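Below is one structure, written out as structure tokens; comments come after it.
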There are 2 protein chains.
Amino acid sequence: MTITQLQYVLAVAEHQNFTLAAQKSFVTQPTLSMQIQKLEDELEIQIFDRSKKPIQLTEIGKKIVDQARNVVNESGRMQDIVDQQKGFIGGEFKLGIIPTVMPTLLPMFLKTFIKKYPKVNLKIEELSTENIIQRLNEGHLDAAIAATPLEHDHIKERVLYYEPFVGYTTETHRLYEKKELKIEDLDIDDILLLEDGHCFRDGVINLCKTPKSIEEDHFQLESGSFETLIKLSNENLGMTLLPYLHTLDIKESEKKNLRHFEAPRPAREVSLIFHKSELKMQIIEALRNVIMSVVRGAITFHNVEIISPVSK
Amino acid sequence: MTITQLQYVLAVAEHQNFTLAAQKSFVTQPTLSMQIQKLEDELEIQIFDRSKKPIQLTEIGKKIVDQARNVVNESGRMQDIVDQQKGFIGGEFKLGIIPTVMPTLLPMFLKTFIKKYPKVNLKIEELSTENIIQRLNEGHLDAAIAATPLEHDHIKERVLYYEPFVGYTTETHRLYEKKELKIEDLDIDDILLLEDGHCFRDGVINLCKTPKSIEEDHFQLESGSFETLIKLSNENLGMTLLPYLHTLDIKESEKKNLRHFEAPRPAREVSLIFHKSELKMQIIEALRNVIMSVVRGAITFHNVEIISPVSK
DNA sequence: TAAAAACTATCAATAAAACCTATAGTGAAA
DNA sequence: TTTCACTATAGGTTTTATTGATAGTTTTTA
């Protein structure tokens with residue numbers, strides 16, 4: 001049994017296809033086939049059920065793959081240990097960010113981070129929460145920024161900040177005249193929302209569970225951005241909720257439509273998440289420190305009270 | 001980096017000697033030297049400080065060795081998973097047993113165990129607690145039977161039984177006339193004890209901390225067996241304490257000298273211990289079940305009350 | 001239903017590696 | 001100084017991993 005063989009197994013398990021797995025592993029298909037056969041012979045089991053299309057894992061194959069991931073992770077940690085000892089923060093680092101955080105947060109910390117850690121080769125990808133979880137589990141992402149809590153078994157979460165929601169109303173809206181909004185004021189049926197990852201914090205309302213107030217029959221939000229929501233709202237289709245950081249760069253003319261909430265403000269929890277194996281933890285910590293410091297600056301400057309997290 | 005290279009590193013770390021490590025790894029010394037050099041080159045660090053004699057680990061080398069052990073353990077678990085899935089209980093299993101448990105316990109469970117699990121190739125070795133811990137950590141033992149609690153970070157303990165101590169007096173002894181002993185009756189200075197692993201249970205008296213009442217100046221117990229203690233006691237050198245199971249096969253003529261304790265009886269905790277990585281856990285569980293069932297039989301048959309453990 | 005496409009297994013050849021024997025080098029002990 | 005105990009290096013051999021070509025199989029397409 002070799003680490004390479006285990007990596008091949010992981011590749012096939014992921015792609016359910018020997019040919020593709022071979023490409024991703026930068027070897028030819030026969031190489032991969034033979035190495036996996038060798039491993040199967042050595043363990044005297046079948047890892048893959050090749051009769052099914054696409055290829056499936058056998059019952060024991062699933063367990064083997066889980067364990068193979070452990071071994072590969074542990075072997076990867078070797079280089080981490082060396083880097084940590086040398087105080088070296090560098091190498092490739094793949095970060096996923098959910099769409100509703102990407103445009104506001106990324107510009108805030110990116111420059112600072114690459115200046116402070118020039119040897120880190122940061123690869124950032126905009127991904128849905130679902131894809132992020134999958135790729136973290138497969139080891140194709142080193143960390144990600146997403147709305148939490150997610151409560152996935154293999155994923156650890158470190159809160160970066162709580163981002164209050166701000167109401168956006170228009171002149172014709174029933175709440176336009178209010179100076180501050182209360183949670184009770186909201187009517188779930190007249191709020192425009194994006195589909196993904198907008199959860200109110202525990203103890204308030206969980207909007208994730210009643211995802212879209214715009215019924216699919218009427219129309220659908222394609223690549224839902226908050227810009228779109230603001231425009232829809234401007235068309236008097238209802239009010240909307242914007243994460244605080246987004247309100248910092250909307251048009252001056254639209255700022256009059258913003259309505260903050262009374263405390264306790266509804267907020268979303270935004271966290272840095274990563275696999276529980278804690279590979280590349282030095283870079284994750286570095287990233288976390290940079291982000292937390294720039295966000296702290298951004299939010300205290302604008303005098304917004306951050307509500308402390310509710311412990312579960 | 002290969003698993004083999006990591007195994008070589010572990011061997012050298014253990015033996016502090018390339019030549020010996022090579023022998024133990026069943027390769028020649030140059031093979032081992034070159035593979036370790038390759039790994040050091042790949043990681044761009046020195047794992048060993050070859051200038052010191054015997055060879056020492058560098059600062060980072062210690063961390064590398066710890067992690068190497070993780071990787072090797074995780075890869076070893078692969079076969080475990082296969083065995084478990086197949087319901088196969090077999091293969092080599094190395095068990096350590098402390099001297100004061102060996103002669104009474106081994107005959108009780110060995111036959112039953114090898115009959116029930118004929119495919120397990122059991123290798124049993126009598127070892128001191130200290131050696132047991134070391135070998136468990138190095139992966140040279142799969143499990144061991146020892147007096148607990150030990151409270152070692154990397155070692156897990158599963159209690160097998162509580163074995164009461166029984167007093168052994170002789171006619172001239174001040175306690176000979178008593179039918180049942182009390183703990184308060186004991187005078188630490190007139191009890192003959194072995195050096196190793198005889199601990200009274202938590203909450204009673206810990207005899208480990210006052211190891212030998214026979215001063216080293218006078219004489220020393222070589223390979224201390226309870227037979228020796230009984231003989232010394234018969235010479236009127238004092239009373240002694242015997243673990244309950246030992247009292248089952250002393251001479252008929254000597255049984256009149258036994259004095260049980262009043263409840264709560266002082267007892268030693270005897271456990272099956274193993275590395276926290278839980279390799280070969282199926283065999284460990286099998287062994288535990290066999291031992292617990294035979295011990296339960298032995299002790300209930302003789303109508304001895306087992307004191308329930310004190311929770312910490 | 002035949003042809004094409006997509007995919008995996010097998011084979012023989014080659015490149016890479018792991019390993020060996022022999023020996024040189026090195027520091028400690030005699 | 002010599003010996004001893006050990007590790008490193010060199011060159012050759014064996015083993016293993018990988019490849020390109022191709023056969024076999026199933027699914028998709030025409």
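Residue numbers begin at 1 in each chain, while the letters A, B, ... track the order of the sequences. All values reported here derive from a predicted model rather than from experimental measurement.
Residue-level contact check: B:Lys38 touches the backbone only, with heavy atoms under 4.0 Å from sugar-phosphate atoms and none from bases. Across all strands shown, B:Gln37 has heavy atoms under 4.0 Å from sugar-phosphate atoms exclusively, and none from any base. Looking at heavy-atom distances under 4.0 Å, B:Gln35 makes contact with sugar-phosphate atoms alone, never a base. Nucleic acid contact class of B:Tyr8 (heavy atoms, under 4.0 Å, all strands): sugar-phosphate only.
Salt bridge A:Arg135/A:Glu138: absent, no basic N to carboxylate O contact under 4.0 Å.
B:Asn17 has a side-chain polar atom (N or O) that falls below the 4.0 Å cut-off from OP1 or OP2 of D:dC6.
Nucleotide D:dT7 holds its P atom 13 Å from the CD atom of B:Gln56, rounded to whole Å. Summarising the geometry, the separation between NE2 on B:His15 and P on D:dC6 is reported as 13 Å, rounded to the nearest angstrom. For the pair A:Gln16 CD and D:dT26 P, the interatomic distance rounds to 19 Å; values are reported in whole Å. B:Met34 has its CE atom 14 Å from the C1' atom of D:dT13, to the nearest Å. In this entry the distance linking CD1 of B:Ile3 with C1' of D:dT16 reads 15 Å, nearest Å. The distance between atom CG of B:Leu32 and atom P of D:dA8, rounded to the nearest whole Å, is 10 Å. Note: NZ (A:Lys52) to P (D:dT27) measures 12 Å, nearest angstrom. In this structure, CD1 of B:Ile47 is placed 15 Å from P of D:dT7, rounded to the nearest angstrom.
Relative orientation of the A:Phe48 and A:Phe18 rings is perpendicular, given thresholds of 30° and 60° on the angle between their planes.
Side-chain contact between B:Asp80 and B:Gln84: absent, with no pair of heavy atoms (C-beta onward) separated by less than 4.5 Å. Side-chain contact check for A:Leu57 versus A:Val12: every heavy-atom pair is 4.5 Å or farther apart.
There is no side-chain donor-acceptor pair under 3.5 Å between A:Asp41 and A:Gln37. Using modelled atom types, one finds no donor on one side chain facing an acceptor on the other under 3.5 Å when comparing B:His15 with B:Gln23. Neither side chain, A:Asn137 nor A:Gln134, offers a donor N or O lying under 3.5 Å from an acceptor on the other.
Under a 3.5 Å cut-off, the side chain of B:Glu40 and the backbone N or O of B:Ile47 do form a donor-acceptor pair.
Taking the 5' to 3' direction, DNA chain C first and last meets chain A under 4.0 angstrom from a heavy atom at C:dC7 to C:dT10.
Within residues 60-69 of chain B, no residue has any heavy atom under 4.0 Å from DNA chain C.
If B:Ile55 and A:Thr2 are placed on DNA chain D by their nearest nucleotide, the residue sitting closer to the 5' end is B:Ile55.
Each of B:Leu127, B:Leu141, B:Ile155 was scored for a side-chain contact (heavy atoms from CB on, under 4.5 Å) with B:Ile133, with one residue passing: B:Ile155.
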